[in-house]
Every structure is written in structure tokens, then in C-alpha cells.
Protein chains: 2
Amino acid sequence: MNGSGQRRTTIKDVAEAAGVGVATVSRVLSGGSASAGTREKVLATAARLDYHPSALGRNLRRRHTGGIGLLVPDITDSFYARLADGVLSCARSYGEPVTVGVTGDDPERESELIGTLIEQSMDRVIAVPSGDGEVWDPVLRAGVNVVFASRRSDLDLPDVPAVLADDRDGVRTAVEYLTGLGHRKIAFLARRGQSQRVAAFTGALTALGVPVEDELVVHARASRDSAYAAAAGLLQRHPDVTAVLTGGNILGEAAVLAARELDVRVPRDVSLIMFDDVPWAELCSPPLTVIAQPAQDIGYRSAELVLRQGRRPREVVLPSELVVRASCGPRRPRR
Amino acid sequence: MNGSGQRRTTIKDVAEAAGVGVATVSRVLSGGSASAGTREKVLATAARLDYHPSALGRNLRRRHTGGIGLLVPDITDSFYARLADGVLSCARSYGEPVTVGVTGDDPERESELIGTLIEQSMDRVIAVPSGDGEVWDPVLRAGVNVVFASRRSDLDLPDVPAVLADDRDGVRTAVEYLTGLGHRKIAFLARRGQSQRVAAFTGALTALGVPVEDELVVHARASRDSAYAAAAGLLQRHPDVTAVLTGGNILGEAAVLAARELDVRVPRDVSLIMFDDVPWAELCSPPLTVIAQPAQDIGYRSAELVLRQGRRPREVVLPSELVVRASCGPRRPRR
DNA sequence: AAATATGCTGGAATCGTTTCCATGAACGGC
DNA sequence: GCCGTTCATGGAAACGATTCCAGCATATTT
């Protein structure tokens with residue numbers, strides 16, 4: 001298709017044109033020691049020939065690709081999009097490319113993508129893990145620098161640093177707010193893999209002396225359809241529920257839609273709090289009270305961690321914040 | 001940090017263990033000709049040693065990286081997130097990694113990212129271009145396979161295939177709908193780089209015999225702040241405007257927010273149509289009438305195009321669709 | 001049966017870089 | 001003035017794959 005006549009200029013060309021050896025060129029360009037005269041000569045020649053070192057040669061020699069592999073469940077979800085944005089923003093300042101993969105929260109797909117990453121000899125990976133230790137063990141043994149973002153792997157992999165939002169605190173504040181409004185029958189609409197949030201939820205209820213009812217914790221898969229089904233099912237099966245906490249913005253969206261469809265008014269009939277603040281939360285009718293998540297920060301800090309050379313903290317916890325809008329009201333029995 | 005004791009198994013190890021030459025192993029693994037016996041032997045040995053060919057060696061020899069470079073203005077914008085999702089989804093089925101860069105609609109950043117891509121010897125790029133021919137010319141001359149998605153470069157680069165939504169049709173339908181409701185003072189809230197949509201807008205007005213007023217076309221930069229400022233400014237400066245068409249979902253969000261802030265009711269005071277259907281459009285109050293964009297399809301088709309070997313169509317145009325909800329009403333003078 | 005065609009095979013070159021190592025020059029201390 | 005140290009330098013060996021090419025065995029043709 002494309003002729004692409006002229007060969008790319010290589011380090012050899014520069015060495016020849018500058019009258020020095022390739023080793024010297026390489027040293028000058030990567031900051032090694034060289035005499036001032038030589039340095040200048042090489043730099044000038046490189047600029048004149050418009051030489052850009054090829055990452056291919058370097059990577060092969062160094063036996064690893066630069067750059068970061070990023071694995072998220074769903075790039076379409078505003079939360080993960082913002083997380084990715086944070087990673088990309090940090091990586092850009094280091095000039096490192098980022099390879100993105102979408103796992104769909106499916107351990108099998110995640111495993112496939114990990115395979116691709118290993119094939120590319122990626123040695124830095126940031127992931128929102130779906131699979132357990134079994135999936136991640138080979139990666140770690142291959143010497144890849146892994147950072148978990150937003151959640152840990154189910155099975156404990158203590159050596160992997162993680163950057164997390166303070167779910168426990170966010171949930172506690174939200175539950176306190178709801179119980180303060182008189183609510184006792186509070187449901188949690190969770191996505192699979194949010195065990196940590198669920199634990200925080202039941203913990204907070206217990207701490208406040210509210211009995212925990214297992215059937216009020218409902219799980220959905222990652223898709224919008226599944227989220228909607230779970231939300232509608234919850235509202236229909238439990239007419240006595242007066243407040244709902246949703247584990248993410250997709251679930252929140254589903255809850256609003258389902259409530260509207262079932263003619264359950266928010267906040268008159270049920271109060272609603274959503275995990276993760278998104279731009280549309282304010283536009284929604286009613287504007288949604290949310291537990292804001294520092295998604296962009298999580299991404300940025302993860303990237304810093306994975307790019308930093310030295311030893312790294314085992315865990316970074318970033319604050320969540322309850323943003324009160326208009327989707328919660330005092331408890332009123334629904335029937 | 002990590003010992004990573006054992007060396008990665010290479011093609012040489014496999015060759016030795018199977019008692020054949022490296023050339024034969026390579027041929028078997030990449031589908032070349034080999035006798036049945038040899039093939040089986042090699043395959044078995046490779047599996048036994050858990051051999052995975054390194055992309056590094058292959059890339060160097062082939063003188064280009066596999067995989068796709070994807071450049072979008074803002075991954076946080078639902079439209080581009082869905083576009084990226086389409087690309088990722090197609091790329092996954094080919095097993096090709098995707099490297100994502102965020103340009104912020106800034107030609108300079110775009111140029112930097114292109115530099116990174118070239119350094120990586122990426123030979124396939126999908127981009128929502130911000131810069132003009134000057135930025136893209138070096139890439140094309142380097143023999144990179146480029147596909148433009150969602151919009152073309154300002155300067156005409158006729159050799160680059162593009163996958164686009166049918167903006168002209170979408171705008172025409174929307175404008176016809178609005179004029180049908182009696183609107184004459186229709187504003188367009190555009191982002192820089194949406195010249196095509198603006199042209200379609202003025203074209204549609206002219207075709208319907210509505211005079212075009214240049215000051216009713218307002219431009220904003222990519223950020224949310226800039227979008228809000230532009231929206232608020234428009235509503236304040238032109239109280240006679242009775243309908244607004246926004247060039248994207250960020251601008252639509254800004255318009256809803258600004259209208260609410262300025263106590264301009266939708267659709268009573270102004271009718272609003274937004275480019276791009278997003279999940280929250282239905283949740284908004286009022287639910288927004290939108291010109292739905294096949295973002296995911298655009299991404300998917302772009303990836304198909306950039307991955308396909310043979311000759312490719314110069315342009316793929318995907319349909320837009322007007323989705324009528326509740327943000328438009330009959331014209332009423334605002335004062 | 002000789003000549004030619006066909007097909008499998010492995011050695012070696014190659015891709016573009018980094019880095020080890022040997023060389024030689026300059027330099028300072030005794 | 002000699003020796004040890006330091007420093008800049010370039011040749012050459014990796015890195016791990018693909019692929020050209022020559023060699024050889026077997027099948028086909030004359």
C-alpha cells in the first residue's frame with residue numbers, strides 16, 4: 001500500500017555521520033558520560049538527521065516494554081473512564097504509553113488480556129482486578145510490577161500495593177445519614193466484586209444497632225441490563241424497603257430508571273444514595289445524593305506508584321465524601 | 001525488587017528440546033509449512049515448556065509494533081469512551097493490544113502523542129484528529145496506517161479513510177423538527193473542531209429559508225468549564241433565542257446546568273436538542289431529545305478498517321438518529 | 001536411470017538498541 | 001620519569017524473534 005521509500009535513520013547512521021561509535025551515541029542520548037565536544041557533536045548530528053531512537057531495539061535489549069498496561073472492567077463506566085484518565089494523565093508526564101484492556105469483570109477475559117500483556121513483555125500493570133490469586137500469580141512470578149486500583153483481588157495478594165477509596169468511611173457516613181432520617185430497611189444494590197463495600201455496609205448497620213437482613217443485599221453483574229433487573233427486582237420484592245444504597249453509578253442509573261418505571265417516587269417513597277459522583281447526578285430528577293469517589297486520583301496515584309522505582313507503600317487510601325443533594329428524605333412507609 | 005529467577009523460555013529452548021532448528025519452530029508456530037510429524041512434536045514441546053513467543057523479538061524483526069494506537073480528545077466524555085470501547089472490542093477479537101492517548105483536543109499534545117506512537121513504531125493509528133495536515137503529514141509519510149474516527153482533519157487529507165456519523169442528516173432532522181415547532185432563533189453551541197456540524201447546521205437553516213445569524217453559533221473549548229461559560233453566555237446575551245442545539249454531551253450538560261442556573265426553563269422557555277445520546281439523557285429533567293450517535297460502532301468499524309489488510313473504502317458514514325424525548329416544545333417568546 | 005521438480009529443514013543473517021569490556025590517552029603522585 | 005588511576009571511546013555481543021537461502025531427501029518426468 002505505502003512505499004515508505006526511505007529507511008528510518010538508526011543510531012548507526014548518526015554514529016557514522018558524527019564520526020563516532022554507536023556506543024558513544026547511545027551514551028550521549030541516554031545521559032551517560034561523554035566529553036563536552038563529543039556530546040555536542042552527537043547531539044547536533046542527531047538533530048540534523050531527525051533521529052528518534054526506536055523503542056523496538058531498546059525494548060528487546062532491555063527485555064521489557066516501557067509503558068503501562070491498564071485493565072478496567074468497563075471503559076464506558078464514568079468511574080473507570082475517570083480512573084483511566086488519571087492514569088493517562090500521569091503516564092503522559094513520564095512520556096510512557098498506556099495499553100488499555102477491558103475485562104468486563106470476567107476473570108477469563110482478564111486472564112486473556114494478561115496473556116497479551118505478558119506476550120508484550122509489559123512490566124508494569126495497573127488493574128481493577130476481577131479474578132483471584134490464581135489469575136494473578138503467574139504475572140507476579142513473571143516479575144511484573146502490579147498495582148491494584150479501586151479494589152483488591154478477592155484472594156489476598158499482600159505483596160501487591162493497592163490504591164483504594166475509603167469505602168468503609170463513605171458507607172458509614174451514608175448509612176448514618178439514612179438512619180438519621182429514620183430509615184431501618186436499607187437495601188444495598190451491589191455489583192459482583194464489591195464484597196468490600198458490602199462488608200462495610202453490614203458493618204455500619206451493625207454498629208448502629210440496625211439488624212442486617214441478608215436478602216436486602218442484592219447482586220448484579222456488570223451490564224446495564226443486569227443492573228436494571230436487579231434494581232427492579234429489589235423494589236418489587238421488598239415493598240418495605242425505604243432506602244437504597246447503590247454500589248456504583250451504573251446501578252444508580254438502573255435504580256432511578258426502575259423506580260420511575262415502577263412508579264416508586266424518589267425520595268418520597270424511597271431514599272436513594274449512589275456510590276460515585278458523576279456529572280449527571282446533579283442533572284437527574286431529583287438530583288442524587290452520592291458518595292463521591294476520587295476516581296481520577298486513584299488512577300493518578302496508581303500510575304505514580306507503578307512508575308516509581310523505589311519501595312512503595314502497601315496501600316494508599318483516598319477519602320470518599322458524601323455529597324448531599326435531594327434524593328433522600330425522611331422515612332415514610334411505602335404502603 | 002523482584003528476583004524473577006528463571007529466564008523466560010525462548011524459541012531456542014523449544015528448538016533444542018524438540019530436536020529441531022529454531023527456523024522450524026518459528027514456521028510451525030506461525031502457520032508455515034512443516035511435516036505433520038515435526039509439527040506435532042514442536043507443538044507438544046512448546047506446550048510442555050509453556051512457551052509464549054515474545055512480541056519484542058518479533059516486533060524488532062518485523063520493524064513495527066503490532067497493535068493499534070488510539071487518540072481521543074477526552075476519555076471521560078461518554079462519546080469517546082464508547083468509541084474507545086468499540087475499538088477495544090474489535091481489537092480484542094484480533095488479540096491486538098490498544099495504546100490509548102488523550103489529546104485534550106490540543107494539536108500540540110496530539111503531536112507529542114504521535115511522537116510517542118512513532119517511537120514505538122506503531123503502524124496502525126485510529127484518531128479523532130485535532131490538528132491539521134501539518135501534524136499528520138509526518139505520520140503518513142512514515143507509512144503508518146491511519147484511520148480518522150468521528151471527524152476528519154481540518155485540512156483535507158484525502159488518502160486517510162474516515163468513519164463518520166451522518167452529521168448532516170442528524171442536524172437536518174433536528175432543525176426541521178425545531179422549525180416545525182415554530183422556532184426561528186435557533187442557536188448552535190459547538191466545540192472547536194466541529195466545523196462540519198456547524199456547516200450542516202447553517203446549511204439546514206438555509207435550506208429551510210431561515211436566516212442564519214452568525215452570532216448564534218457559539219464555540220467552546222473541550223473543558224466542562226468552557227462549555228458552561230459558553231452556554232451561560234449564550235443564554236444571557238441572546239434572550240430572543242428559543243431553541244438550542246448542542247454539539248456534544250458535555251455541552252448539553254452545560255446547557256441544562258446553565259439554563260437551570262439562569263432560571264430558563266426547558267422546554268418552556270427554550271427547547272434543547274443535544275448531539276449524542278447518553279444514558280443520563282433519559283434521567284435528566286426534562287428527558288433530553290437527542291441526536292443519537294453510533295459511537296461504539298464508529299470505534300468498531302474504525303478498528304476493522306485499520307486492521308484489514310486489503311484496500312479500504314475512503315469513507316464510512318454511519319446513520320444518526322433523532323430520539324425525541326421531552327426537551328422541545330412549541331416556540332414561545334422568552335420575554 | 002538420469003534429470004528435474006518439490007518440499008522439508010536448519011544455519012545464519014537481520015532488525016536497532018544497550019552495555020560489557022578492552023584500549024589508549026591524559027593525568028597526578030611519588 | 002615511572003606507575004597507577006581515571007576517563008572517554010568504539011568494537012562486539014547480546015536481546016528473541018523471522019526469514020532468506022542452501023542442502024538434502026523424496027517424488028515426478030522424460
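What you see is a predicted model; the values in this text were computed from it and never measured. All heavy atoms count here, side chains included; hydrogens, waters and symmetry mates do not. Every chain is numbered from 1, with letters handed out A, B, ... down the list of sequences.
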- prompt: So what does B/S54 touch, heavy atoms closer than 4.0 Å: a base, only the sugar-phosphate, or nothing?
  reply: sugar-phosphate
message: Is a donor from one side chain sitting under 3.5 angstrom from an acceptor on the other, for B/R39 and B/S35?
response: no
- request: Return yes if some donor-acceptor pair links the side-chain N/O of B/E110 with the main-chain N/O of B/G131 below 3.5 Å, else return no.
  value: yes
- line: From CG of A/L29 across to P of D/dT9 the rounded distance in Å is 14 Å
query: So which one's nearest nucleotide on DNA chain D is more toward 5', A/V22 or A/S35?
result: A/S35
query: Under 4.0 angstrom, heavy atoms only, what part of the nucleic acid is A/S33 near: base, sugar-phosphate, or nothing?
result: sugar-phosphate
query: With sugar-phosphate meaning primed atoms plus P, OP1 and OP2, does A/A23 contact a base, only sugar-phosphate, or nothing at under 4.0 Å between heavy atoms?
result: base
message: Under 4.0 Å, counting only non-hydrogen atoms across every strand here, what does B/T10 touch: a base, just sugar-phosphate, or nothing?
response: sugar-phosphate
message: Heavy atoms only, 4.0 Å cut-off, all strands: where does A/G57 land among base, sugar-phosphate and nothing?
response: base
message: Please tell me if A/R62 has a side-chain N or O lying less than 4.0 Å from either OP1 or OP2 of C/dT17.
response: no
task: Look at B/R109 together with B/E112 and state whether they make a salt bridge at an N to O cut-off of under 4.0 Å.
output: no
- prompt: Is A/L56 touching bases, backbone alone, or none of the nucleic acid, heavy atoms closer than 4.0 Å?
  reply: nothing
- prompt: With sugar-phosphate meaning primed atoms plus P, OP1 and OP2, does A/S30 contact a base, only sugar-phosphate, or nothing at under 4.0 Å between heavy atoms?
  reply: nothing
query: Taking NZ, NE, NH1 and NH2 as the nitrogens, is one of them in B/D50 or A/R141 under 4.0 Å from a carboxylate oxygen of the other?
result: no
- request: Establish whether the base of C/dG16 is bridged to the side chain of B/R61 by a donor-acceptor pair shorter than 3.5 Å.
  value: no
Rounded interatomic separation in angstrom, taking CG from B/L60 and P from D/dA17: 12 Å
query: Hey, is the side chain of A/T24 poking within less than 4.0 Å of OP1 or OP2 on D/dT9, counting only N and O atoms?
result: no
query: With sugar-phosphate meaning primed atoms plus P, OP1 and OP2, does A/G19 contact a base, only sugar-phosphate, or nothing at under 4.0 Å between heavy atoms?
result: sugar-phosphate
